Structure formats: C-alpha cells, structure tokens
Amino acid sequence: MSSEPRAPVHDRLAENLAGIRERIAAACLRSGRDPNDVTLIAVTKYTPLDRVRELVGLGHLTLGESRPQQLLERAGLLPSGVEWHLIGHLQRNKVRSILPVMALIHSIDSLRLLKRIDQVAGELGLRPRVLLQVNVSGERTKDGFPMAELETRWSEVLGYRHVEVRGLMTMAPLTEDDTLIRPVFRGLRELRDRLNVMSPEPCLRELSMGMSGDFDIAIEEGATLVRLGSLLFDGCETK
Ligand SMILES: *Cc1c(COP(=O)(O)O)cnc(C)c1O
C-alpha cells in the first residue's frame, strides 16, 4: 500500500494528541475544572506544512503561529475551517493584512498596538478578539505589559470599542522549578480577576498560559487556552 510509509508518524501524532488530552483531563480533575473549558492550541511555528495537514486531518483545527507572515501563508493553504491564533509579536504594519483571518490575537503587548488594531478594525468593520500579553515575571527579555500598567491604564483599554478584549496571556520563566512557574500563572489569574472588578461587566474570561513544559500547572491555576508545540509534534519530525 502506498500510504504505508507515512502511517507511523501519523500514529505518533494521534498518540501525542491523545496523551495531551489525558493530561489536560487529569489536571482539570485535580483542580475541579471542566476539561471543556480548556482549549488546546497546536503551535505549528516549527512544524512543516505536511505535518500540520496531518494534524488537521485528525480533526484538530485550532492552530497557533508566532509569525504573522507564516500564519498568513498557511491560512491560504489550509482549509478555511482552521481557527488561527497569533501568539507572537505583531508589527503595526501587519495589522491590516492579518485581522481578517484571525480567531484570536494573544499577543497585544502595548497600548500603541491596541490603538492601531482598534483603528484598523473600525475601518474594516471588524471586531477582533484579542488578549493582552502580560510580563508577569518581570524578566527584561520578555514582551508584554508590565503588571502595574494594565491596572493604571485600564479605562484607556476599555475605551477601544472596535476590539473585544477577551482576556490575558503570559509566558512563565524557562525553568524546571515549579515554585517559580506557579506564582506567574496565579499572578495572571489574579490580575484578570482584579481587572474584571474594575470593568462595567466582567469581560475577561480567557487565560492563555501553559506550554509543553508547564501546561499542567497552568491548567491547575486556571488556564483556558494552552499553547503546545514541541510535545505535540514530538517524534514526528522525520518523514
Ligand atoms: C513556541 C511557543 C509556544 C509553544 O512552545 P512549546 O514549548 O513548543 O510547547 C507557546 N507559546 C508561545 C508564545 C510560543 O512562542
């Protein structure tokens, strides 16, 4: 059979996906949450297109890319049913081309960018869903709003009417030490709760946090969106 040589990788991908779903369910069970409240975003930034097609063939249609250019190229090549998430930095000159294909932009990291999106969305008659990226850990190398800035400038954020701010996103420090990771995720949840209290109605539902190395902890701390790349495609690199 001609399809035989591809079967092992396909099986491996299905196994990885099933294993991740089990870990999501287990983390939900531990923390008294409903697994349906956690969405798995398959991060495909390092994955060749053929492999991404196999994932889509398995029925997984929620994909994340970190570079707007690659997201746009792939959106043109994959089925229109794919739900696209941008998880990396968005340059202001890419806003106009990217808005029409986005399900959710996770990586709004400045008021300047939010303002630009609001303006372009108004012109295009769109109301994009976005998350605000927060630098909870305060590492110099990380993108995102400083924790305090969002609280002090929240009324400004609420003033942008052409965007739907759905929640917050963060990245934990790259470390094996859980005691350094958990407070970052908890800090994002607590910030979300404070900002909801400061809003006319609680509009922030989503917490995008957790990657291959730390998503179990993130779910225990309230993640509604986990972004997984390397674990999902582990062992699927070779043809
Ligand atoms: C690459 C990336 C991920 C996925 O990371 P893995 O460790 O491969 O799961 C998640 N979030 C962001 C913002 C990324 O850039």
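Order of listing sets the numbers, starting from 1, for every ligand and every atom in it. Both backbone and side-chain heavy atoms feed into the values below; hydrogens, waters and symmetry mates do not. Bear in mind that the values here come from a model prediction, so they are computed numbers and not experimental data. Sequence positions, counted from 1, serve as the residue numbers for this chain.
Put simply, Ile117 and Met169 are part of two different groups of oily side chains (I, L, V, M, F, W, Y) that touch within less than 4.5 Å, one to the next. Linking ILVMFWY side-chain heavy atoms closer than 4.5 Å, directly or via other members, places Leu191 and Leu207 in a single hydrophobic cluster. Hydrophobic clustering (ILVMFWY, side-chain heavy atoms < 4.5 Å, transitive): Val43 and Leu58 are in distinct clusters.
Between Ser230 and ligand 1, at least one pair of N/O atoms sits closer than 3.5 Å. The distance criterion of under 3.5 Å between nitrogen or oxygen atoms is met by Gly229 with respect to ligand 1. The shortest N or O to N or O distance between Lys45 and ligand 1 is below 3.5 Å.
Counting the atoms of ligand 1 from 1 in the order shown, those under 4.0 Å from a heavy atom of Arg227 are 4 (C), 9 (O), 10 (C), 11 (N), 12 (C), 13 (C). Atoms of ligand 1 found under 4.0 Å from any heavy atom of Ser212 (numbered from 1 in listed order, with element): 6 (P), 7 (O), 8 (O), 9 (O).
When non-hydrogen atoms are compared, ligand 1 lies under 4.0 Å from neither the backbone nor the side chain of His106.
In this structure, Leu228 counts as a contact residue of ligand 1, since one of its heavy atoms falls inside 4.0 Å of the ligand.
Scanning the protein for heavy atoms near atom 13 (C) of ligand 1, the closest one is Ile87 O, 3.5 Å. Here the heavy atom of the protein found nearest to atom 5 (O) of ligand 1 is Met211 CE, 3.6 Å.
Neither side chain, Thr175 nor Asp177, offers a donor N or O lying under 3.5 Å from an acceptor on the other.
No donor-acceptor pair closer than 3.5 Å links the side chain of Arg12 to the backbone N or O of Cys236.
Taking the side chain as every heavy atom from C-beta outward, Asn135 and Thr170 never approach each other to under 4.5 Å.
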Worksheet item: So Glu123 and Arg96, salt bridge (charged side-chain N to carboxylate O under 4.0 Å, His left out) or not? Walk me through it.
Response: CA-CA 10 Å; Glu123 289 169 20; Arg96 192 173 298 274; 2.8 Å; yes
